[in-house]
Amino acid sequence: MLAWTTAPDTPSGLTLRETFDPTPLPHETLVRVEAFAPNPGDLAALPGLPPGSVPGWDGSGVVLEAAADGSGPGQGERVLFLGLAGGWAQRRAVSNAMIAAAPADAAWEHLATLPVPATSALRAIRRLGSILGRRVLIVGAGSAVGGFAVQLAARSGASVVAVARDAGQHDTLRRLGAHETHTALASVDRRVHGAIDMIGGQHLVDTYALLEASGTVIALGHAAGTDERFPYGAFVADPTTADRSITSFFLGNEPGLAAEMGYLAEDRTLEVGAMDVQPWTELPAWIEAGAPRRAGRVVFRVDHTTAT
Ligand SMILES: NC(=O)c1ccc[n+]([C@@H]2O[C@H](COP(=O)([O-])OP(=O)(O)OC[C@H]3O[C@@H](n4cnc5c(N)ncnc54)[C@H](OP(=O)(O)O)[C@@H]3O)[C@@H](O)[C@H]2O)c1
């Protein structure tokens with residue numbers, strides 16, 4: 001089969017080459033990959049991969065061989081999946097903990113955008129406990145994870161406060177369910193029960209300061225790439241600030257994602273926003289250009305006309 005493999009001597013760090021088909025373990029499903037959508041995490045991981053590795057987390061496709069142990073979706077089913085490697089290829093073996101059947105008419109591109117961002121948003125919201133009737137702050141709401149977090153928090157009954165530095169995204173965020181929109185945290189004037197932060201750095205420091213007593217911030221992302229420096233007094237508790245916490249998780253370590261992925265794939269109301277669909281041969285040029293998302297989430301369609 002053909003796969004993008006790591007090649008440190010190329011400008012993008014990738015080369016398309018012939019490689020061995022994956023051999024699925026008993027609990028793995030063999031899929032034909034139709035589309036994949038790179039995440040910031042895929043791209044950050046690229047330089048650390050050994051030469052010749054096949055990168056790629058999220059994707060969608062069709063089951064070629066069901067898992068030998070009888071678990072997971074059946075042959076011919078349309079699926080979405082994730083794993084920490086192997087996705088930028090014509091075929092891939094996926095653990096059944098991370099694959100779910102999708103409606104037969106779901107678009108490959110739509111499904112490929114869901115696994116890491118939408119499942120991360122769902123798991124982050126669950127960590128906040130019941131948010132019915134409570135204020136929930138989404139920092140970096142214009143990101144892929146943020147857009148899903150706004151929708152899922154709103155349908156969970158929260159009053160959603162969305163912060164996205166680009167005011168041009170605010171109408172969309174309100175349509176997705178945000179009750180308040182802000183370009184910066186400085187204008188958020190009431191405390192929140194919970195928060196999900198995609199940005200980190202000073203955003204995390206300021207988000208923590210906005211928590212009410214017993215509130216939690218999920219430090220999910222670190223897009224700013226800057227340090228977090230908490231001022232003296234940030235953790236001095238009084239009756240209005242006691243028992244606040246900051247926590248984090250890594251989706252790749254989360255057990256049993258298949259059920260949530262299936263739920264998200266079934267949901268016809270979940271919006272993924274604009275998509276910039278490109279042939280997979282454009283992957284290296286996109287990476288060399290700095291992986292821009294100017295026209296929405298970038299999704300690559302896999303070419304099987306040169307299948308081997
Ligand atoms: N812990 C986990 O398991 C997990 C899972 C999924 C994602 N993540 C992390 O979560 C973050 C979001 O992921 P994603 O896929 O949603 O990313 P994304 O769609 O690429 O969005 C990144 C967002 O960060 C914003 N941003 C970047 N630098 C900023 C800065 N200095 N100040 C304010 N905003 C800034 C961008 O705003 P503009 O649009 O205005 O440029 C954009 O909205 C990433 O750090 C990712 O690695 C972690």
Side-chain angles (χ1 to χ4, degrees), residues 36-48 55-59 82-84 87 98 112-128 137-153 162-173 176 178 181-188 195-207 216-228 246-257 260-261 264 270-276 286-287 289-299:
F36 58 80
N39 294 289
D42 293 73
L43 302 169
L46 278 180
W57 294 2
D58 291 4
L82 72 91
L84 295 184
M98 294 192 171
T113 64
L114 297 177
V116 165
T119 314
S120 298
L122 189 155
R123 288 268 164 129
I125 284 167
R126 287 219 180 123
R127 276 174 160 71
L128 297 177
L137 176 63
I138 310 295
V139 184
S143 66
V145 179
F148 291 124
V150 167
Q151 294 176 74
L152 297 175
V163 176
R165 64 180 173 180
D166 176 5
Q169 295 176 322
H170 289 190
D171 283 350
T172 301
L173 291 169
L176 295 180
T181 49
H182 301 263
T183 53
L185 283 158
S187 58
V188 179
I196 304 170
D197 176 30
M198 263 57 74
I199 310 301
Q202 189 59 39
H203 290 79
L204 179 59
V205 176
D206 294 343
T207 298
T216 300
V217 53
I218 315 288
L220 188 87
H222 308 277
T226 54
D227 291 348
E228 285 93 22
I246 301 175
T247 187
S248 63
F249 66 88
F250 177 56
L251 191 74
N253 279 358
E254 295 276 295
L257 298 173
E260 282 115 318
M261 288 168 59
L264 294 161
L270 197 65
E271 292 194 27
V272 304
M275 279 185 278
D276 177 3
W286 179 70
I287 289 175
R293 287 187 178 180
R294 288 182 207 103
R297 190 79 198 280
V298 176
V299 182

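Reckoned from all heavy atoms, side chains included, excluding hydrogens, waters and symmetry mates. This structure is a prediction, so every number in the text was calculated from the model and none was measured. First listed ligand is number 1; within each ligand, the first listed atom is number 1.
- A274 is linked by a side-chain contact (heavy atoms from CB on, under 4.5 Å) to nothing, counting only residues two or more places apart in sequence or in another chain.
- Atom CG of L264 and atom OG1 of T119 lie 5.5 Å apart (nearest 0.5 Å).
- Distance check: W57 CH2 to L43 CG gives 9.0 Å after rounding to the nearest 0.5 Å.
- Contact residues for ligand 1 (protein heavy atom closer than 4.0 angstrom to any ligand atom): P40, V116, S120, G142, S143, A144, V145, R165, M198, I199, H203, L220, G221, H222, A223, A224, F249, F250, L251, R293.
- Within the model, atoms CZ of R297 and CG of D276 stand 11.5 Å from one another, a figure rounded to the nearest 0.5 Å.
- With sequence neighbours excluded, the residues satisfying salt bridge (Lys or Arg N to Asp or Glu O under 4.0 Å) with R127 are E254.
- S143 meets the side-chain contact (heavy atoms from CB on, under 4.5 Å) test with V145, M198; sequence neighbours excluded.
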